[in-house]
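Labels below follow one simple rule: chain letters A, B, ... track the order of the sequence lines, proteins then strands, and each chain is numbered from 1.
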4 protein chains.
Amino acid sequence: MVERILDAGRQVLGEYGYEGASTSRIATTAGISPGSLYQYFPHKDAIVSAVLERFGDTLVSGVTTRMSGHFEQPAPVIVRATLAALLDGLDVEPPFLRAAVEHGPRLDDGRALRAFEQRVGELVRAYLTTQRGGLRPDAPLDTAVWMLVRTVEHLTVRYLLDRPLIPREQFLEELTRLALNYLRPAP
Amino acid sequence: MVERILDAGRQVLGEYGYEGASTSRIATTAGISPGSLYQYFPHKDAIVSAVLERFGDTLVSGVTTRMSGHFEQPAPVIVRATLAALLDGLDVEPPFLRAAVEHGPRLDDGRALRAFEQRVGELVRAYLTTQRGGLRPDAPLDTAVWMLVRTVEHLTVRYLLDRPLIPREQFLEELTRLALNYLRPAP
Amino acid sequence: MVERILDAGRQVLGEYGYEGASTSRIATTAGISPGSLYQYFPHKDAIVSAVLERFGDTLVSGVTTRMSGHFEQPAPVIVRATLAALLDGLDVEPPFLRAAVEHGPRLDDGRALRAFEQRVGELVRAYLTTQRGGLRPDAPLDTAVWMLVRTVEHLTVRYLLDRPLIPREQFLEELTRLALNYLRPAP
Amino acid sequence: MVERILDAGRQVLGEYGYEGASTSRIATTAGISPGSLYQYFPHKDAIVSAVLERFGDTLVSGVTTRMSGHFEQPAPVIVRATLAALLDGLDVEPPFLRAAVEHGPRLDDGRALRAFEQRVGELVRAYLTTQRGGLRPDAPLDTAVWMLVRTVEHLTVRYLLDRPLIPREQFLEELTRLALNYLRPAP
DNA sequence: AATGAATGAGGGTTCATTCAT
DNA sequence: AATGAATGAACCCTCATTCAT
């Protein structure tokens with residue numbers, strides 16, 4: 001039933017965005033009564049927050065899965081593939097994505113977003129650690145991870161929401177470059 | 001009078017954030033009646049949008065001013081100084097900054113935000129053009145600008161809102177590196 | 001307009017009692033919209049409380065007026081007349097009276113009820129002071145007033161709400177006796 | 001099981017008052033499920049009513065017990081002792097007492113309250129009958145009983161709920177006097 | 001008998017917007 | 001132009017009661 005509510009919440013957010021996601025709409029979509037929502041969630045924003053959390057989990061899992069087994073490939077290939085996976089995972093209904101980025105930071109104190117960025121950060125950090133050789137030796141790892149995670153996340157989201165006149169392949173190409181060059185040793 | 005409304009809107013957003021910025025609060029702060037707001041703006045979000053637009057203008061002006069006359073300095077210096085100016089300009093009341101990034105994209109179809117990014121983009125593009133020599137010759141300029149603008153903007157905002165444990169100097173250092181390395185020619 | 005709301009509140013409480021006095025019913029009865037209630041009262045219970053307060057004021061005024069100019073009459077006559085006035089003043093729609101006694105103590109921390117009893121207490125105290133001669137000399141005045149006020153109030157209300165098989169004249173007779181005998185000197 | 005529900009109801013009313021006495025809270029406290037309440041009571045208020053009825057029974061029993069065997073004592077002594085017993089019996093958690101007096105009259109058509117007052121009335125009537133000698137010969141017995149019962153009940157409750165600055169001994173003294181003087185023969 | 005998830009009508013309240021003055 | 005009282009749709013949430021299991 002929690003599942004049904006989250007599915008409904010996800011669907012309503014995708015169709016109507018955060019403002020249009022009233023509890024009654026979510027309940028109707030889930031085929032239940034408004035009161036039932038409150039058997040499983042303390043208030044509306046907890047539903048939205050949970051939907052975002054699940055979305056984040058799915059996203060990280062998907063990316064991780066798609067990456068597994070390609071770690072032997074050269075850096076540009078694997079990084080680009082990862083970014084492509086992220087781009088695909090975030091390519092959802094714009095109202096939903098907008099709700100995620102506009103309200104995620106506020107809901108449940110940003111729990112869902114922080115968890116997502118935390119997990120992506122771990123992936124990045126793990127990767128960087130294996131690559132230590134080719135990196136600037138003086139790079140502050142924590143800071144670098146912090147920046148890379150937010151950069152790729154934000155650029156991907158903006159690419160999907162603003163639909164700039166940039167071909168997808170070029171976008172991935174450049175984003176890969178941005179990430180890889182950042183930690184390249186000074187010449 | 002428009003000015004008075006914008007000042008009030010700015011102040012209210014800074015103190016109460018977007019959710020707390022009711023029309024009556026803005027009117028009271030401006031010393032006028034709620035109804036009068038509608039003589040100058042078609043609806044509430046138009047006020048917020050105009051506040052954001054003015055903020056963006058001020059920001060760009062400030063950064064531009066602070067940059068003028070330093071163009072002869074080496075790239076890392078001038079870039080870093082620009083980013084520092086941006087960081088200072090964005091260092092406002094968190095509720096206001098949050099309102100700007102969470103609601104700016106939606107209000108008036110993102111007009112204020114687009115204008116801001118457009119102008120920052122022009123600065124970046126102008127700079128890159130003068131630097132053409134030291135860049136990857138194959139870099140797609142438009143795309144690069146698009147990415148750089150959004151990257152520095154977002155990282156700066158996140159740095160201010162999330163207050164990660166990264167020293168300001170290091171943050172500026174790394175952000176500068178991220179930007180400069182991106183377009184470095186391949187080795 | 002406050003007047004209109006109070007009238008409507010009074011009427012709705014009289015017809016439907018406290019439970020049936022929804023804000024929308026009050027607004028409809030007042031011929032205004034639900035939202036307008038909140039321009040004049042912070043929440044529903046403030047309306048009810050104000051209605052009760054006004055009722056208490058009216059009641060005390062009425063009793064006081066009806067008493068004025070009869071102070072030279074013998075004690076039993078004036079006391080009985082006062083009680084009759086109180087009985088008449090409280091003889092309103094039972095749902096209203098019930099709302100007053102069941103919810104008055106809670107609303108606004110019992111403000112309306114306390115004010116009413118306070119003022120009735122002053123009347124009683126004033127009367128007793130003039131009668132000092134015929135009273136038990138050891139009677140604790142404050143305590144006596146406290147008891148008399150609540151006794152006549154409660155018995156009157158109960159008489160009206162429970163409609164016991166006691167003729168009105170007899171009720172007044174006995175209530176008068178109860179009050180007067182209480183402070184009679186010991187034989 | 002009925003017993004368990006009544007115990008739970010009593011406890012919940014004592015802790016949370018009428019408004020806080022939700023069926024689920026009562027069920028939880030009783031260690032059963034909400035649905036099971038309806039196997040033994042037709043609706044929530046029937047539970048509250050039954051709790052009040054039981055409380056009234058206990059109260060009357062207690063007072064009666066404490067009185068038995070003191071009937072030979074002089075009137076002021078026995079009356080005062082009875083009132084003291086009543087005061088003690090009513091000295092329970094304020095939320096419970098409040099619930100009893102504010103909602104008792106309404107629940108189950110006032111059944112619990114009427115039963116209580118009926119039984120107290122019988123005690124009073126029995127006492128008065130034995131005292132017939134010292135009373136006003138013209139006193140309408142039913143009316144006198146009706147008034148005395150409600151007077152002592154209400155004043156006692158108000159004394160406990162409002163906590164006026166009246167010492168307990170004085171309160172009992174005066175209440176005793178109020179009751180005894182009422183039926184004293186005219187001088 | 002017992003469960004407890006599901007119900008759903010109804011509640012109080014907010015606030016952007018309007019419009020008679 | 002300026003007012004600000006009035007609007008009213010829409011919101012989130014509660015909880016006594018039901019009923020399939």
Side-chain angles (χ1 to χ4, degrees), chain A residues 1-2 4-5 16 18-28 30-48, chain B residues 1-2 4-5 16 18-28 30-48, chain C residues 1-2 4-5 16 18-28 30-48, chain D residues 1-2 4-5 16 18-28 30-48:
Chain A
M1 170 73 77
V2 163
R4 233 162 87 192
I5 293 172
Y16 302 96
Y18 183 83
E19 321 295 328
S22 67
T23 50
S24 85
R25 188 116 75 181
I26 294 173
T28 301
I32 63 177
S33 91
S36 292
L37 297 178
Y38 293 84
Q39 206 109 46
Y40 301 94
F41 296 93
H43 47 251
K44 178 191 141 173
D45 277 350
I47 300 175
V48 179
Chain B
M1 174 71 89
V2 164
R4 235 163 84 192
I5 294 172
Y16 302 97
Y18 183 82
E19 322 292 329
S22 64
T23 50
S24 84
R25 188 115 74 182
I26 294 172
T28 300
I32 62 175
S33 92
S36 295
L37 295 177
Y38 292 83
Q39 212 90 47
Y40 303 94
F41 295 93
H43 48 253
K44 177 189 143 171
D45 279 348
I47 300 174
V48 178
Chain C
M1 170 73 78
V2 163
R4 231 162 92 192
I5 293 172
Y16 302 96
Y18 183 83
E19 323 294 328
S22 66
T23 51
S24 85
R25 188 117 74 182
I26 294 173
T28 301
I32 62 176
S33 91
S36 292
L37 297 178
Y38 293 84
Q39 205 110 46
Y40 302 94
F41 295 93
H43 48 250
K44 177 191 143 173
D45 277 350
I47 300 175
V48 178
Chain D
M1 171 73 84
V2 164
R4 237 163 82 190
I5 293 172
Y16 302 97
Y18 183 82
E19 322 294 327
S22 65
T23 50
S24 85
R25 189 114 75 180
I26 294 173
T28 301
I32 62 177
S33 93
S36 294
L37 296 177
Y38 291 83
Q39 212 90 45
Y40 302 95
F41 296 92
H43 48 254
K44 177 190 142 172
D45 279 348
I47 300 175
V48 178

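Among the duplex regions that DNA chain E forms, those built from at least three successive Watson-Crick or G-U pairs under 3.5 Å are E:2-21 with F:2-21, ordered by first number.
Both B:P34 and C:P34 lie close to DNA chain F; mapped to their nearest nucleotides by heavy-atom distance, the more 5′-ward contact belongs to B:P34. Closest-nucleotide positions on DNA chain F for A:P42 and C:I32 were compared, and the one nearer the 5' end corresponds to C:I32. Between A:G31 and C:Y38, it is A:G31 whose nearest contact on DNA chain E lies nearer the 5' terminus. Residue order along DNA chain E, read from the 5' end via each residue's closest nucleotide, puts A:Y40 first among A:Y40 and B:S36.
Distance check, rounded to the nearest 0.5 Å: CD1 of A:I26 to CZ of A:R4 gives 14.0 Å.
Annotation: side chain to side chain contact (heavy atoms under 4.5 Å, CB included) contacts of B:E19 (sequence neighbours excluded): A:R106, B:H103. Under the side chain to side chain contact (heavy atoms under 4.5 Å, CB included) criterion, D:S24 pairs with D:S22, not counting sequence neighbours.
A pairwise comparison of heavy atoms in B:T23 and B:L37 identifies O-CD1, 3.5 Å as the closest pair. Closest approach of D:S33 and D:A27 over heavy atoms only: C-CB, 3.7 Å.
Of the residues in residues 19-26 of chain B, none has a non-hydrogen atom less than 4.0 angstrom from any atom of DNA chain F.
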List the atom pairs, with distances to 0.1 Å, where a side-chain N or O of residues 41-48 of chain C and a protein N or O form a donor-acceptor pair under 3.5 Å, not counting sequence neighbours.
unit_1	atom_1	unit_2	atom_2	d
C:K44	NZ	C:A21	O	3.1
C:D45	OD1	C:Y18	OH	2.5
C:D45	OD2	C:Y18	OH	3.4

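Contact annotation for B:L37: no contact, since no heavy-atom pair falls under 4.0 Å across all strands.
Along DNA chain F, the stretch of nucleotides lying under 4.0 Å from any heavy atom of chain C spans, 5' to 3', F:dA5 to F:dG8.
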